[in-house]
Novice: 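Structure below; questions to follow.
Lettering follows sequence order; numbering is per chain, from 1.
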4 protein chains.
Amino acid sequence: MSTPGKPTAKAAARALAQRERILVAAQKCFVVHGFHAASMANIADTAGMSAGLIYRYFKGKNDIILAIIERQLEEARADIAKLHATSDLVAGIAEVFGQWQANDPNVTSAALFLELTAEATRDEEIAVATQASDRVFRSLLGDWFVRAVADGGLGVSQDQVATRVLILQCLIEGLAMRAISQPDLSVDQVKSALNQFLPSLLTA
Amino acid sequence: MSTPGKPTAKAAARALAQRERILVAAQKCFVVHGFHAASMANIADTAGMSAGLIYRYFKGKNDIILAIIERQLEEARADIAKLHATSDLVAGIAEVFGQWQANDPNVTSAALFLELTAEATRDEEIAVATQASDRVFRSLLGDWFVRAVADGGLGVSQDQVATRVLILQCLIEGLAMRAISQPDLSVDQVKSALNQFLPSLLTA
Amino acid sequence: MSTPGKPTAKAAARALAQRERILVAAQKCFVVHGFHAASMANIADTAGMSAGLIYRYFKGKNDIILAIIERQLEEARADIAKLHATSDLVAGIAEVFGQWQANDPNVTSAALFLELTAEATRDEEIAVATQASDRVFRSLLGDWFVRAVADGGLGVSQDQVATRVLILQCLIEGLAMRAISQPDLSVDQVKSALNQFLPSLLTA
Amino acid sequence: MSTPGKPTAKAAARALAQRERILVAAQKCFVVHGFHAASMANIADTAGMSAGLIYRYFKGKNDIILAIIERQLEEARADIAKLHATSDLVAGIAEVFGQWQANDPNVTSAALFLELTAEATRDEEIAVATQASDRVFRSLLGDWFVRAVADGGLGVSQDQVATRVLILQCLIEGLAMRAISQPDLSVDQVKSALNQFLPSLLTA
DNA sequence: TATGAATGAGCGTTCATTCAT
DNA sequence: CATGAATGAACGCTCATTCAT
């Protein structure tokens with residue numbers, strides 16, 4: 001009231017920063033322990049705050065999970081945007097595969113992605129969020145496929161888009177499982193395989 | 001000791017049957033609730049026995065999870081065997097996709113598969129088991145690719161096998177995620193996509 | 001199964017005994033600390049068991065409260081039955097007042113009665129239970145008023161019953177508050193006052 | 001110190017106003033949620049101030065409860081004063097009963113009264129406060145009973161006062177419980193009952 | 001004076017595991 | 001062999017209270 005505007009903005013900024021701190025900590029904990037095994041105390045410790053404080057910024061544990069899903073959607077959107085910029089889809093996918101294999105708790109985790117998807121079969125809220133996220137992702141991929149080559153797209157015909165997107169997604173998401181189940185699979189092998197089979201998917 | 005030979009064999013058979021009862025119940029519970037949310041009481045109820053009795057046949061909950069992984073290996077082997085028998089790989093994969101989408105607690109579950117794989121990044125024992133299982137699976141698939149056409153194989157050259165197996169696995173496992181994240185994807189669409197892209201993978 | 005009937009009956013008896021142990025402990029704790037301030041750990045300690053065990057016999061804390069209400073109803077029924085037997089209503093009420101003033105955690109507590117009634121304005125389940133209990137109590141009292149003198153009743157006319165029951169209840173329940181707020185009020189003073197004003201209530 | 005006299009008086013007045021704001025808010029919250037279930041955050045919100053500020057005016061939650069008791073004493077004194085003014089005691093009591101049944105959070109609440117009394121059996125400070133309050137109330141009622149009819153009193157003899165006050169209080173406080181446990185009891189029924197039994201209490 | 005972010009202890013509850021029967 | 005009562009540690013979460021701003 002005394003200094004209008006500013007203090008509120010400052011407080012809002014702090015709140016956002018705190019939410020971010022919590023989400024980063026939660027992501028690490030979820031990657032390391034899994035959704036259910038990671039405790040709020042775990043997350044609080046990792047975030048360097050008391051457990052109770054988390055509830056000022058999130059309604060509960062489930063709320064954190066949903067926020068993490070949205071984070072992943074935004075990261076995915078950013079990745080898609082990069083696809084537009086680069087002509088080298090193979091290198092992009094291979095890089096993501098490398099990150100998944102390294103299992104760095106700070107970036108998108110393959111394990112988290114799998115567990116999240118599995119959880120969608122049990123939690124209605126999570127199901128809604130993941131399916132919505134997935135729809136957006138497919139739509140973005142589809143736009144890229146269908147756009148004219150002159151505009152940075154692939155110029156694929158409309159009746160082919162769904163099929164191509166499906167296969168491409170299977171390849172990418174399948175690599176998430178390979179990153180875990182086949183730790184001795186090298187990035188180069190992945191590149192080589194993709195170089196051999198992706199072109200037929202990407203040509204009009 | 002008192003009645004040697006026969007009774008022991010009988011007891012061992014009973015023990016195996018009990019383990020099987022428990023595993024079947026556990027699989028159902030895990031599919032429905034997930035590994036961590038499924039309680040031992042749940043499993044005991046489903047198996048129609050007391051909670052305490054389970055500990056005569058398994059060291060603990062983790063021990064059951066490990067056994068479930070081995071069960072899945074067996075089932076995977078059976079699936080591979082069916083691939084040999086059928087000439088129609090596309091129909092086979094599409095059928096599995098349909099089962100995954102239906103999420104029948106009695107057959108291999110996509111969600112369980114994902115959760116299990118995710119868990120492998122956290123539990124060393126599970127990692128070892130899943131990777132061993134995966135190696136066997138790849139080996140069986142590889143054999144089929146490399147075997148002569150006359151012997152029911154595909155006659156693919158040795159230096160192409162790893163690549164082909166990799167792509168095929170990505171497609172199959174990618175469909176596990178599609179079954180969950182894209183519930184409106186029809187079996188026919190999957191068949192159509194596979195029919196378009198599998199041939200290039202399966203020809204020598 | 002092996003020894004049918006008996007074991008189940010034994011188990012049921014034990015379960016009932018455990019429920020009773022818990023209810024007795026809960027009543028003590030509720031009297032001493034109040035409904036909300038009494039913790040499940042408190043009750044478990046008082047009952048001489050672990051906190052977790054309580055949940056085998058009660059759904060939760062609210063379930064215990066509801067069971068205590070029913071207990072009180074049964075005790076009230078027993079008290080009413082005694083009224084039938086004795087011609088000395090004044091002595092009976094005065095005795096109850098004495099127990100209330102002593103605040104013995106083992107018998108019906110005035111404080112518990114008040115808190116329970118207050119809670120009924122907030123918890124729908126408790127409201128339903130207390131009102132049902134109250135209806136039964138009033139009905140029993142009314143029967144006694146209306147019954148012929150020859151049958152141990154008071155022979156009060158039908159159109160007078162509701163009024164008489166109302167006043168009598170106010171006097172009894174009012175004494176519950178007096179027992180707390182006026183600790184120096186003697187049982188004899190209560191008797192004297194009741195002897196002076198009850199007769200007009202009890203004559204046809 | 002810097003501006004002696006006046007500013008201090010102003011500050012004291014402000015402090016009293018703040019205390020009043022808090023007490024009004026607390027009373028509302030206590031009526032709705034009960035003493036223990038009402039949170040300091042609740043009270044702060046209702047009072048339109050921050051939670052921390054309350055601690056400048058009250059030592060803690062218990063301190064607020066004690067202050068509320070004193071408030072009720074003030075209200076009770078006011079009610080007694082009204083009894084003096086009206087010749088119709090029955091109508092006055094019936095009106096209070098109606099307010100109790102309506103459970104208006106802005107006036108004296110029956111539920112709060114009961115909970116407060118119950119709490120007196122547990123908290124020594126509350127016991128002292130309620131008993132002192134009760135003594136004053138009885139004294140005021142007694143004065144009215146004993147005062148000469150010519151002075152607006154009832155002219156009851158000294159040795160009858162205690163008994164009459166006791167019965168009258170039981171009737172009034174008993175109606176507090178009736179208001180909760182017998183929600184279908186009408187104000188008219190109460191009036192009718194009081195009209196029948198009060199006269200014998202009020203005549204010399 | 002006033003705020004509200006932060007703490008930390010304690011809550012009700014669940015559940016893997018043990019063991020007397 | 002089989003039971004299920006019992007434990008105890010941990011969980012997610014709430015809230016009275018404090019204190020830097």
Novice: Closest nucleotide of DNA chain E for B/His36 versus for A/Gly48: which of these residues is on the 5' side?
Specialist: A/Gly48
Novice: Listed in order of residue number, which residues of residues 49-70 of chain A have a non-hydrogen atom at under 4.0 Å from DNA chain E?
Specialist: A/Met49, A/Ser50, A/Gly52, A/Leu53, A/Arg56, A/Tyr57
Novice: Starting at the 5' end of DNA chain E and moving along, which residue's nearest nucleotide shows up first, B/Ala38 or C/Met40?
Specialist: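 That would be C/Met40.
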Novice: So, taking the atom named CZ in A/Arg21 and the one named CG in A/Leu16, what distance separates them when rounded to the nearest 0.5 Å?
Specialist: 13.5 Å
Novice: Phosphate oxygens OP1/OP2 of F/dA20: is one of them under 4.0 Å from a side-chain N or O of A/Arg14?
Specialist: no
Novice: Can you tell me how the ring of C/His36 sits relative to the ring of D/His36, calling it parallel under 30°, perpendicular over 60° and tilted otherwise?
Specialist: parallel
Novice: How close do A/Phe30 and B/Arg122 get, counting heavy atoms only, and between which atoms?
Specialist: O-NH2, 3.5 Å
Novice: A side-chain contact here means heavy atoms from C-beta on lying under 4.5 Å apart; do A/Leu116 and A/Phe35 qualify?
Specialist: yes
Novice: Would you jot down, in residue-number order, the residues of residues 20-30 of chain D having a non-hydrogen atom under 4.0 Å from DNA chain E?
Specialist: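 Nucleic-acid contacts, sorted: none.
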Novice: Using a cut-off of less than 4.0 Å, is there contact between a side-chain N or O of D/Gln18 and OP1 or OP2 of E/dT1?
Specialist: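 Looking at the OP1 and OP2 atoms of E/dT1, neither is under 4.0 Å from any side-chain N or O of D/Gln18.
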Novice: Expressed as a whole number of angstroms, how long is the span from C/His33:NE2 to E/dG12:P?
Specialist: 12 Å
Novice: Under the criterion side-chain contact (heavy atoms from CB on, under 4.5 Å), which of A/Ile126, A/Thr130, A/Asp123 is the partner of A/Leu66?
Specialist: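 It is A/Ile126, the one option of A/Ile126, A/Thr130, A/Asp123 that forms the side-chain contact (heavy atoms from CB on, under 4.5 Å) with A/Leu66.
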Novice: Using Watson-Crick or G-U wobble geometry with both distances under 3.5 Å, which nucleotide pairs with F/dA2?
Specialist: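 Here F/dA2 is engaged in a pair, and the nucleotide opposite it is E/dT21.
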Novice: Below 4.5 Å, heavy atoms only, C-beta onward: do D/Arg56 and D/Leu53 meet side chain to side chain?
Specialist: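 They are in side-chain contact.
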Novice: Does any part of the side chain of B/Glu119, heavy atoms only, come nearer than 4.5 Å to the side chain of B/Leu114, both counted from C-beta?
Specialist: no
Novice: Let me see the working for A/Phe113 and A/Thr108 under side chain to side chain contact (heavy atoms under 4.5 Å, CB included), right down to the final yes or no.
Specialist: CA-CA 8 Å; A/Phe113 183 30; A/Thr108 309; 5.6 Å; no
